Amino acid sequence: MSDADTAAPAQPQDFIREIVAADVAAGKNGGRVVTRFPPEPNGYLHIGHAKAICLDFGVAGEFGGYCNLRFDDTNPVKEDVEYVDSIKDDVKWLGFEWHEREYYASDYYEQLYGFAETLIRKGLAYVDSLSADDIREHRGTLTEPGKDSPYRTRSVDENLDLFRRMRGGEFPDGAHVLRAKIDMRSPNITLRDPVLYRIRHAEHHRTGNAWCVYPMYDFAHPLSDAIEGVTHSLCTLEYVDHRPLYDWAIEHTRTEARPRQYEFARLNLNYTVMSKRKLLQLVEQKHVNGWDDPRMPTVSGLRRRGYTPESIRDFCARVGVAKKENVIDVGLLEHCVREDLNRRAPRAMAVLRPLKLVLTNYPEGQSEEFAVANHPDNASLGSRRVPFSREIYIERDDFMEDPPKKFFRLAPGREVRLRNAYLVTCTGVIKNAAGEIVELRGTYDPATRGGDAPDGRKVKATLHWVSAANAIDAEIRLYDRLFTTEDPDGSAAKTGADFTSLINPQSLEALKGCKIEPSLANAASGSRYQFERQGYFCADPDSSAGKPVFNRTVSLKDSWAKAS
RNA sequence: UGGGGCGUGGCCAAGCGGUAAGGCGCCGGCCUUUGGAGCCGGUAUUCGAAGGUUCGAAUCCUUCCGCCCCAACCA
């Protein structure tokens, strides 16, 4: 086998990595690779950001470069330190390190301001005193060219004077704006004299009241990249039209650094929404319990739900990087956690909807313990003691009085296995006055201790169970997709309804009085388990001493549920 | 009726002129003290459409069709 054969990349190749590899091979930027992840601190990170993070940090890492964490904090009225803190937590949790490379566009305000004056001196920027409405009107439309502002021909001196006075706080919000002088008739609307600076008498979360003029994204972003020596500035497709402006800003202010912008398609997931505006609305209108509600597609929501950073990174790798608009099936995300947790999560038993089974031939007052492996395929996860006694809880769904042909579980007269315990046979069904099943009677076969029948007899089902005398009560929260429709954005737009009307009323079902095995009594918040035959669960921070709360991350695949 | 991006199986996605990778899903089978996991096999005569170039086209050319983005002093 040649070296090339063994050097298969763990990370799939994509057009971005191809470009970077070619640049490195050609010796561009001295072979250096610097990327950046540039969130605006105006909301929490979501799974779409995770894709960008994996790309930005991934590419940098693979080529021996750096990825800067840069907060694009140029709009003080929308931003907040709460968001910068959460963003840092989330990036770290996802497993990425920016070391000391934590930057803020606001750190560059002075330099950026200087670049703006440079532009003015070159006659490439001017102060416009049109109102916002008038600017919009002068901009033209998609099919009609724009018109020059009457202020477009102001002299350099007048522009400089006005701009300095803007900075000095002489004017109210909206009185003037600094604009690039490019081309009001450009077919690319982005180039119709874009606004570079606006007046905002607002307190900034980092610079306080030091400034009252703030740069726009199209000005701050390319120049921040240049200042930091970024080589490859990766962003999403909606910025393709902005690339000429990105290049323009750098060409006319800086010449040393020459970052290039490349665009890829953002991640979309079905059965959820991804826009920050909509996620904010869900939080503010209390449709969910905060940004980290386990139903949210936010990184913090997925974390609380029980997703692992590994599974999210794996998901991002599998989804790929391309330029085609895409809608990824949330089933792939679920597959990724299942695969990860199947390998790592210790097993335990929990009964979600308990039904008592009394083993009439098991001596009253007697009890015993079984040593049970914590993982069927990984002995290094150890084992634990699980108590057993005369009365146990089984899952209500695991019993049917009149079972259909393909139902293999417990039924009157039928023998099944209690996992790691005994073979038991149902001998009686006890109902209340309303005819509802309230309890089962059965017998166990003492010769089958551990769950094996010495005579080789087979049973068609194995049930999970919890000893009634030792069971701990728990709350278990089951989650379903947040929306009833695959494309809440599109469906809502079509009918004119608000997307919140499509929220799945069953997206959260909190089960109280679940019975869990005693080893789970003090599960640490954030610890993950597979509850056998049911799914993966994660202890929620709402847990308190003796009152555990679990979130279902994802159910196990269930071919019986699918068939029935 | 302007400019830009994109069209490969249900969802993603390789492919870069030599005769359709892979993953998810789905369908079978084996195995199983989780109807889980694991293992094995199947799942596009065809690449938005139509022409053209070529011995040969998903890949090149032409035209057409469809979807998405852009008219914030948001990012």
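All of these numbers come straight from a predicted model, not from anything done at the bench. The sequence lines fix the lettering, A, B, ..., with proteins before strands; numbering per chain opens at 1.
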Evaluate the side-chain proximity of [Y] to [X]: yes if any heavy-atom separation is below 4.5 Å, no if none is.
X	Y	value
A:Glu263	A:Arg243	yes
A:Glu415	A:Val424	no
A:Cys336	A:Arg313	no

Using atom [atom1] in both nucleotides, what's the gap between [N] and [M] to the nearest angstrom?
N	M	atom1	result
B:rU19	B:rC26	P	32 Å
B:rC69	B:rU53	P	39 Å
B:rA21	B:rG42	P	12 Å
B:rC73	B:rA14	P	36 Å
B:rA57	B:rG48	P	15 Å
B:rC65	B:rC24	C1'	30 Å
B:rA72	B:rA13	P	31 Å
B:rU8	B:rA58	P	15 Å

chi for B:rA72 classified (syn = within 90 degrees of 0, anti otherwise) as syn
Ring-ring centroid check A:His221 A:Tyr217, cutoff 6.0 Å
yes
Tell me whether the OP1 or OP2 atom of B:rA72 has a side-chain N or O from A:Arg136 closer than 4.0 Å.
yes
Under 4.0 Å from OP1 or OP2 of B:rG3: is there any side-chain N or O of A:Thr143 that close?
no
Tell me, which of [range] have any heavy atom that sits under 4.0 Å from an atom in RNA chain B?
range	result
residues 415-425 of chain A	A:Arg417, A:Arg419, A:Asn420
residues 190-201 of chain A	A:Val195, A:Arg198, A:Arg200
residues 264-275 of chain A	none
residues 323-331 of chain A	A:Lys323, A:Lys324, A:Glu325, A:Asn326, A:Val327, A:Ile328, A:Asp329

Axial cation check for A:Tyr113 ring with A:Arg167, 6.0 Å and 45° limits
yes
Closest nucleotide among [options] to the [X] side chain:
X	options	answer
A:Pro187	B:rG2, B:rG5, B:rC69	B:rG2
A:Val240	B:rC24, B:rG5, B:rC74	B:rG5
A:Glu532	B:rG5, B:rU34, B:rA75	B:rU34

If you round to the nearest 0.5 Å, how far is OG1 of A:Thr308 from CD of A:Glu339?
10.5 Å
Under a plain distance cut-off of 3.5 Å, with no hydrogens placed, do A:Arg154 and A:Ser129 share a side-chain donor-acceptor pair?
yes
Set of side-chain contact (heavy atoms from CB on, under 4.5 Å) partners for [X], sequence neighbours left out:
X	answer
A:Val81	A:His205
A:Arg385	A:Glu369, A:Ala371
A:Met216	A:Val195, A:Arg198

Anything under 3.5 Å between a protein N or O and an N or O of nucleotides 35-38 of chain B, put it in a table, one pair a line.
| residue | atom | partner | partner atom | Å |
| --- | --- | --- | --- | --- |
| B:rG35 | OP1 | A:Arg533 | NH1 | 2.8 |
| B:rG35 | O3' | A:Ser559 | OG | 3.4 |
| B:rG35 | O2' | A:Ser559 | N | 3.2 |
| B:rG35 | O2' | A:Ser559 | OG | 2.6 |
| B:rG35 | O2' | A:Trp560 | N | 3.4 |
| B:rG35 | N7 | A:Arg409 | NH1 | 2.6 |
| B:rG35 | O6 | A:Phe408 | N | 2.9 |
| B:rG35 | N1 | A:Lys406 | O | 2.8 |
| B:rG35 | N2 | A:Lys406 | O | 3.2 |
| B:rA37 | OP1 | A:Lys557 | NZ | 3.4 |
| B:rA37 | O2' | A:Asn342 | ND2 | 3.0 |

Derivation of the salt bridge (charged side-chain N to carboxylate O under 4.0 Å, His left out) call for A:Glu228 and A:Arg36
CA-CA 9 Å; A:Glu228 292 175 12; A:Arg36 101 272 89 112; over 6 Å; no
Indicate the ring-plane relationship of A:Phe483 and A:Phe499, choosing parallel, tilted or perpendicular according to the 30° and 60° boundaries.
tilted
Sequence neighbours excluded - ring-ring contact (aromatic ring centres under 6.0 Å, His included) pairs with any residue from residues 172-191 of chain A
A:Phe171-A:His176
Watson-Crick or G-U stems involving RNA chain B, each at least 3 pairs long, distances under 3.5 Å, ordered by first number:
B:2-7 with B:65-70, B:10-12 with B:22-24, B:25-30 with B:38-43, B:48-52 with B:60-64
Sequence neighbours excluded, the answer for ring pair (Phe, Tyr, Trp, His ring centres under 6.0 Å) partners of A:Phe219 is A:Tyr197
Taking every heavy atom of A:Glu325 against every heavy atom of A:Leu237, the minimum-distance pair comes out as OE2-CD2, 4.1 Å
Report the residue (A:Glu238 or A:Pro38) whose heavy-atom-nearest nucleotide on RNA chain B is the more 5′ of the two.
A:Glu238
Does the ring-ring contact (aromatic ring centres under 6.0 Å, His included) test come out yes or no for A:Phe71 and A:Tyr104, once each step is laid out?
CA-CA 5 Å; A:Phe71 290 93; A:Tyr104 296 79; 5.0 Å; yes
Show me the donor-acceptor pairs, under 3.5 Å and distance only, between side chains in residues 183-190 of chain A and residues at least two apart or in other chains.
| residue | atom | partner | partner atom | Å |
| --- | --- | --- | --- | --- |
| A:Asp183 | OD1 | A:Arg185 | N | 2.8 |
| A:Ser186 | OG | A:Asn188 | N | 3.0 |
| A:Ser186 | OG | A:Asn188 | O | 3.1 |
| A:Asn188 | OD1 | A:Thr190 | N | 3.0 |
| A:Asn188 | OD1 | A:Thr190 | OG1 | 3.2 |
| A:Asn188 | ND2 | A:Asp241 | O | 2.9 |

